[in-house]
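Proteins get letters first, then strands, A, B, ... in listed order; numbering begins at 1 in each.
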Amino acid sequence: MKEFFTKSVARNIYYGGSLFFILLFIVLTVDTHKRLPDRDNREALTETAKHGKRLWEENNCIGCHTLLGEGAYFAPELGNVYLRFGKSKEAIKAYIKSRPVNGIPGRRSMPQFNFTEEELDALADFLEYTSGINTEQWPPNIQG
Amino acid sequence: MKYQSQSVAKLYFIAAIGLFVGQILFGVILGLQYVMGDFLFPYIPFNIARMVHTNLLIVWLLFGFMGASYYLVPEESGRELHSVKLAKLLFWVFLGAGVIIILSYLLIPYGRLAELTGNSFLPTMGREFLEQPTIGKIGIAVVCAGFLYNIAVTILSGRKTVINMVLLTGLVGLVVLWLFSFVNPENLVLDKYYWWWVVHLWVEGVWELILGSLLAFVLIKTTGVDREVIEKWLYVIIAMALITGIIGTGHHYFFIGTPGYWQWLGSIFGALEPIPFFLMTLFAFNMVNKRRRRHSNKVAVLWALGTGVMAFLGAGVWGFLHTLAPVNFYTHGTQITAAHGHMAFYGAYVMVVLTIISYAMPKLRGRRANSNKAQVVEMWSFWMMTVSMVFITLFLTAAGVVQVYLQRMGEAPLPFMVVQEKLEIFYWMREAAGLVFLLGLIVYISSFFIKGEADPVDEISHPN
């Protein structure tokens, strides 16, 4: 065993194995791209939803919330918030608008971002688009 | 220290430790915000503090990796570093840029920062761990490329050892994969798909190559075991890291909109990901058992053994706990993830950087090893930080289990914020453990200032 398993065998496993799995990963990536149109709700990715995604990023919402389970774990999951709020974009907008500037004593609170009406619409559209992505039934229930 | 140019590593190590302190201070703030929701609000909201915490971690580990490379590459290559000037220049650029980025997080509202730095031209901001302004990201890319150039020229014109070559492939991967931080499609599924190419393929790919080569270097130096033996181990470990880790990316693709087959691929390869870490533990203990000399730097050996064990527990065991798709369905994005993240990063990357600092710093300061007295204090800091990290992980795991049960299982699942209030007791205990960690870090730093008796001498032993 020791004779057979030399350093050069180990080296070949490293280079050969890595190369094989890199190529396989690339093939799987191409296949994933081909299948995504049926799953990623791209029809709902309107100009306003894209604007909403930019606002989501430029205000670092991911620093507290999770989106499809990724982000920080300080505030609720928002991938399904559109469904949780009864498919009401107005409810989402009202929630964001109502955040007190100085927070709530002793409790976690979302900052007040002073979004314009147009920006609130964009954010709500983005969250609606996100809720339509096929996530294999995740999260397990409406609570996220 | 065999080569003059190795001394540039010292700058990097000092900066790394300084930024580490900042990271932990913000960790303590975050832990408190979990239980006192309005702490520092609205001046330092949670999202800002978290960004500082995680970005400082990444930056200080990069400083650690760079310092480690500048230390070991000349010695392994048998020549001086290609350019000490470049190494020093890049150090100041990187430190300056890093400090400016962190200060801008704290002093300017994030949205305003995005506006000032022209995020609309090339939007890359506001994604977890990749929050740096686009110009900051470009700066990181330039610094890393310059660093890679310096290291590559040194290695390729010197002695090409296995440690050198593995480190070099790791560093090339680090730079190349960083370029995916500039990829931010408007399609959320694709955004997340490529985001993992940086995040997962760094920590479960190229960083493991760097980790393996640093550990192998320290073990060669401190145990006196034959290089051939160590190099064979190194190849096997990193082969397993990439063979499991590349397709293992799939364990992040379960619920973000990608095809269902990723659940199978991600589960299978994710379940294999503990193997390289298990091998690393075996490796470290085996080499120390086979050692031909007892190195006078005992605390460096302790850090090396600790890296093996804690990386296996944190990245291996805690990763495996929730890597299977049917389990992850319930645990995805809960405190279980936070628990795993903490121990994995500490066990694998924090500890390996502290290992190499522990080995190299005395030499950079002109001695073979620190005095016994200083070593004992450093050992105290090892145990304080490591044990408190174990407790942080256990408390977060408990919080996660309760969270999964209350929020995601059962007849009447409770809302997120209601569940969070019920977890308060675990968060308080985590905060207490975090304070002990900070104390351990203070003890660690104080060990640098302890002089004590003259340097101990190596004992030559032949256990075999």
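The two residues Pro76(A) and Arg84(A) come nearest to each other via the heavy atoms CB-NH2, 3.8 Å.
Of the atoms belonging to Phe113(A), not a single heavy atom falls under 4.5 Å from chain B. Using a 4.5 Å cut-off between heavy atoms, Ile142(A) makes no contact with chain B at all. Heavy atoms of Phe39(B) lying under 4.5 Å from chain A are absent altogether. Both the backbone and the side chain of Leu67(A) come within contact range of chain B, with heavy atoms under 4.5 Å apart. For chain A, no part of Tyr105(B) is nearby; none of its heavy atoms comes within less than 4.5 Å. Proximity to chain A is absent for every atom of Trp233(B), based on heavy atoms less than 4.5 angstrom apart. Heavy atoms closer than 4.5 Å to chain A are found nowhere in Thr54(B), neither backbone nor side chain. Contacts of Val162(B) with chain A are made by side-chain atoms alone, with heavy-atom separations under 4.5 Å and no backbone atom involved. Asn134(A) touches chain B through its backbone: at least one of N, CA, C or O sits under 4.5 Å from a heavy atom, while the side chain does not. Looking at Thr169(B), only its side chain comes within 4.5 Å of chain A, counting heavy atoms on both sides. Looking at Gln407(B), both its backbone and its side chain come within 4.5 Å of chain A, counting heavy atoms on both sides. Only the side chain of Pro42(B) comes within contact range of chain A, judged by heavy atoms closer than 4.5 Å. Only the backbone of Val101(A) comes within less than 4.5 Å of a heavy atom of chain B; no side-chain atom from C-beta onward does. Of the atoms belonging to Leu265(B), it is side-chain heavy atoms, and not backbone ones, that fall under 4.5 Å from chain A. Neither the backbone nor the side chain of His65(A) comes within less than 4.5 Å of any heavy atom in chain B. Heavy atoms closer than 4.5 Å to chain B are found in the side chain of Leu45(A), but not in its backbone. With a 4.5 Å cut-off on non-hydrogen atoms, Leu209(B) touches chain A through its side chain but not through its backbone. Looking at Ser18(A), both its backbone and its side chain come within 4.5 Å of chain B, counting heavy atoms on both sides. Neither the backbone nor the side chain of Tyr43(B) comes within contact range of chain A; no heavy atoms are under 4.5 Å apart. Of the atoms belonging to Ala239(B), heavy atoms from both backbone and side chain fall under 4.5 Å from chain A. If you measure heavy-atom distances from Ser8(A) to chain B, you find no contacts under 4.5 Å at all. For Asn41(A), no part lies near chain B; criterion is any non-hydrogen pair under 4.5 Å. With a 4.5 angstrom heavy-atom cutoff, Arg11(A) touches chain B via backbone and side-chain atoms both. With a 4.5 Å cut-off on non-hydrogen atoms, Arg408(B) touches chain A through its backbone and its side chain both. Interface residue Pro185(B): only backbone heavy atoms are found under 4.5 Å from chain A.
Annotation: maximal heavy-atom pairing with chain A below 4.5 Å, among Leu242(B), Val419(B), Ile238(B), occurs at Ile238(B). The residue among Val189(B), Leu414(B), Ile243(B) with the most heavy atom pairs within less than 4.5 Å of chain A is Ile243(B). The most heavy-atom pairs under 4.5 Å with chain A, out of Gln335(B), Gln263(B), Met409(B), Lys192(B), come from Lys192(B). In terms of non-hydrogen atom pairs under 4.5 Å with chain B, the most contact-rich of Leu68(A), Asn60(A), Ile62(A) is Asn60(A). Among Val236(B), Asn184(B), Val35(B), the residue making the largest number of heavy-atom pairs under 4.5 Å with chain A is Asn184(B). Between chain A and the residues Ile48(B), Asn187(B), Val229(B), the largest count of heavy-atom pairs under 4.5 Å involves Asn187(B).
Atoms NE2 and CD1, from His53(B) and Ile29(B) in turn, are 11.0 Å apart once rounded to the nearest 0.5 Å.
A cation-pi arrangement is absent between Arg127(B) and Phe129(B), since the terminal nitrogen or guanidinium carbon is not both under 6.0 Å from the aromatic centre and inside a 45° cone about the axis. Taking the centre and axis of the six-membered ring of Tyr34(B), the NZ or CZ atom of Arg430(B) falls inside the cone set by 45° and 6.0 Å. For Arg108(A) and Phe74(A), the positive end sits near the middle of the six-membered ring, less than 6.0 Å away and at most 45° from its axis.
Between His200(B) and Trp196(B), the ring planes are perpendicular. Angles over 60° get that label, and only those under 30° would be called parallel. Aromatic ring orientation, Phe25(A) versus Tyr253(B): parallel (interplanar angle below 30°, classes split at 30° and 60°).
Residue Arg107(A) places its CZ atom among 12 or fewer non-hydrogen atoms of other residues, nucleotides or ligands, all under 6.0 Å distant. Counting heavy-atom neighbours within 6.0 Å of Glu43(A) CD, excluding the residue itself, gives a total above 12. Heavy-atom neighbours of Lys87(A) NZ from other residues, nucleotides or ligands within 6.0 Å: at or below the threshold of 12. Other residues, nucleotides and ligands contribute more than 12 heavy atoms inside 6.0 Å of the OH atom of Tyr15(A).
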Next item on the list: Test side-chain contact (heavy atoms from CB on, under 4.5 Å) on Glu231(B) and Val166(B) and set out the steps.
Entry: CA-CA 10 Å; Glu231(B) 287 176 343; Val166(B) 171; over 6 Å; no
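A salt bridge between Lys89(A) and Asp121(A) is absent, with no side-chain N of the basic residue lying under 4.0 Å from a carboxylate O of the acidic one. With salt bridges taken as basic N to acidic carboxylate O contacts below 4.0 Å, none links Glu90(A) and Lys97(A). Under a 4.0 Å N-O distance rule, the pair Glu186(B)/Lys53(A) does not qualify as a salt bridge. Ionic pairing of Arg50(B) and Glu131(B) is not present here: no N-O contact between side-chain nitrogen and carboxylate oxygen is shorter than 4.0 angstrom.
Less than 6.0 angstrom separates the ring centroid of Phe329(B) from the ring centroid of Phe255(B).
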